[in-house]
Amino acid sequence: MNRALIFSFSLWQLLILLPLLHQTCCRNPVASAAGGKWDMLVPNTGIPAMHMQLLRYDKVAILDQTTFGPSSNLSLPDGKCVNGTAGKDCTAHSVEYDVLKNTVRPLTVSTDVWCSSGSVMPDGTFYHTGGDGGGGSVVRVLKPCNSGGLCDWKEISNGLLAPRWYASNHVLPDKRQIIIGGRGQFNYEFYPKTSKTKKLFDLPFLSQTNDPGAENNLYPLVVQNVDGNLFIFANNKAILFNYNTGAVIKTYPAIPDGNPRSYPSTGSGLLLPLKNLQGNIQAEVLVCGGAPKGAYESAINGVLMGALKTCGRISINDPNPKWVMETMPLARVMGDMKLLPDGNVLLINGAGSGTAGWELGKDPVLSPVLYKPDAPLGARFEVQTPAASRPRMYHSTAILLRDGRVLVGGSSSHGGYVYTGVDYPTDLSLEAFSPSYLDPQFDPIRPQITSPKSQSGIQYKKSFPIQFTVKGTVNPNLVKVTLVSPSFTTHSMSMNHRLLVLSVTKGVKSLGKSKYEITVAAPATTNLALPGYYMLFVVHQDIPSAGIWVRLPQ
Ligand SMILES: *[C@@H]1O[C@H](CO)[C@@H](O)[C@H](O)[C@H]1NC(C)=O
Ligand SMILES: *[C@@H]1O[C@H](CO)[C@@H](O)[C@H](O)[C@H]1NC(C)=O
């Protein structure tokens, strides 16, 4: 199909839809439904994907927990066994998923990684921290390996000063990461440490947001603001925090309805795409879903309340910041939010009732929903079809892959691996959700990056050319370049997730048949984009290329 045809087709669709949209817009926030596709990738990886991190060689490190002992559905290689949480254990509790080969390889962890956290350092090494019991103070290091490599975890006991269960991590500009909170830990620490930072630092905000009996402030949302401070959201409150001085720079108003959005009343949240990088940058945070106040107490007494149907959006550097509330088409707790290469946000996974916790969720939300940050208020949500066939509730995850698909895995709602005789069996599979931008009908206008090569270095502030091909006609005014950081994802939180729309310094020029070049400026500072590996995409008429890996130097 050529581009003219696509255009007339979508115009035709629009003309038909317009009166419908008009009718539905004002009674119901559900906009139109749009397509997408689900594919089963690996039916049995051996473990449920409780934690996932995409690494620079298109391999995904996946971790579950070791609490259940030697009972996963995958053996360690070559008869290997470890002294695990429950004694001798010859099964794997972590795997590496090779995206390009669609294969899974067991990895070795012996300490309990249950409800842990992590970040990828600027050199691409994955540092994973904390967990349950004896795993609480352990730091685990995975140096990613290229095709054929057999890299595995190295565990550092007492790497942390405090045991951290349900903490959040963020990379910092100086080759460190900060690890914030965790159950009973109203403090933070750094890793690695210097002699000055070899201690715990108090963070009263975490005790202030702790609901007695329910907590509702675990796995806080931590986002680096464009001024270098950290925006920290927990429960229904947020602060802007200077981790160097310990000063709270700003206290934001609470979310107006006062309902909790953090674990176990688990909502999801992220920094919306940063644009206009050479001008006045708006930094906006979006928090969606969660559970009403009292939902956790109610759930442990056997009554699962309906999830929250609202999102709050706040411009964090406004002189007078205010939450603007929006209504989702579907209520959701334990959902995931992902930044997509085109700058939209995907809401996926989760439940319609209950909270996080064993046996505390039901009514899986099977339909992903797209959120379009730039559309007018009231017209931002779009339900995606088809719906998923598998519930992905407690301990499920979703991450963006370099080819634009969203990898989905996990769901383990029971106190053990339970595969039969229950409503929501433990799910060992990996699936991909392909947003509608991957539909082959858009191939004629889809860019393909030819230069630079993947794994290239780019320099802060410096402009660099990107060459790409497009089979059909290019509209030079509708090309943008986005940079997306791969997140560490667990329990609905996407740590270090960030998308930047790069400033164009030289517009699209033609290099001959089907070949084009656009020149963009790399982010100016580490406040805008931390050092490390990013996926870079060329987006034409909202259709993204496959990404390439680029690296901002440390
Ligand atoms: C567990 O592994 C076995 C052998 O690979 C497989 O047949 C079975 O389907 C797996 N169980 C689940 C729930 O995937
Ligand atoms: C296994 O680890 C435990 C502590 O976690 C220790 O007490 C025990 O001696 C270890 N067993 C072996 C065989 O190393």
Side-chain angles (χ1 to χ4, degrees), residues 37-54 59-82 84-110 112-115 150 152-153 334 336 348-351 356-366 386-399 401 405-433 489-491:
K37 187 161 84 90
W38 286 92
D39 289 298
M40 174 55 72
L41 300 178
V42 184
N44 168 32
T45 64
I47 65 169
M50 189 188 296
H51 317 78
M52 293 208 282
Q53 171 71 57
L54 176 66
K59 302 207 182 155
V60 180
I62 303 178
L63 297 127
D64 181 27
Q65 42 71 38
T66 67
T67 309
F68 305 154
S71 56
S72 87
N73 207 30
L74 181 67
S75 297
L76 287 171
D78 312 320
K80 185 177 176 182
C81 301
V82 297
T85 307
K88 184 179 172 189
D89 190 346
C90 312
T91 66
H93 303 283
S94 174
V95 299
E96 175 199 83
Y97 171 62
D98 186 325
V99 180
L100 306 179
K101 293 186 183 151
N102 195 41
T103 52
V104 165
R105 176 171 76 84
L107 299 178
T108 320
V109 286
S110 58
D112 200 354
V113 292
W114 189 18
C115 301
L150 294 176
D152 207 340
W153 291 105
M334 297 182 277
D336 279 284
I348 194 165
N349 297 348
W358 305 129
E359 317 291 346
L360 299 187
K362 64 172 186 181
D363 306 326
V365 185
L366 299 172
S389 57
R390 306 171 83 98
R392 302 282 183 183
M393 305 202 297
Y394 191 38
H395 296 149
S396 66
T397 42
I399 58 168
L401 298 177
R405 291 178 301 165
V406 174
L407 181 67
V408 174
S411 208
S412 77
S413 300
H414 313 284
Y417 294 114
V418 189
Y419 304 120
T420 52
V422 289
D423 278 344
Y424 309 112
T426 305
D427 198 311
L428 307 181
S429 70
L430 286 178
E431 288 178 286
F433 177 69
T489 299
T490 189
H491 293 77

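Each ligand, and each atom within it, is numbered from 1 in the order the structure gives.
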Under 3.5 Å, is there a donor-acceptor pair between the side chain of Trp153 and the main chain of Leu107?
no
Would you please say whether a donor-acceptor pair under 3.5 Å links the side chains of Arg390 and Ser411?
no
Met50 backbone acceptor or donor facing Thr397 side chain under 3.5 Å
no
Once side chain to side chain contact (heavy atoms under 4.5 Å, CB included) is applied, do any residues pair with Thr66, and if so which ones, sequence neighbours excluded?
Thr85, His93, Val109, Asp112
Is the distance between the ring centroids of His395 and His51 under 6.0 Å?
no
Give the residues near ligand 1 by chain and number, with the criterion being a heavy-atom distance under 4.0 Å.
Asn44, Asn73, Tyr419, Leu428
Which of Ile62, Asp427, Leu428 passes side-chain contact (heavy atoms from CB on, under 4.5 Å) with Pro48? Answer is Leu428
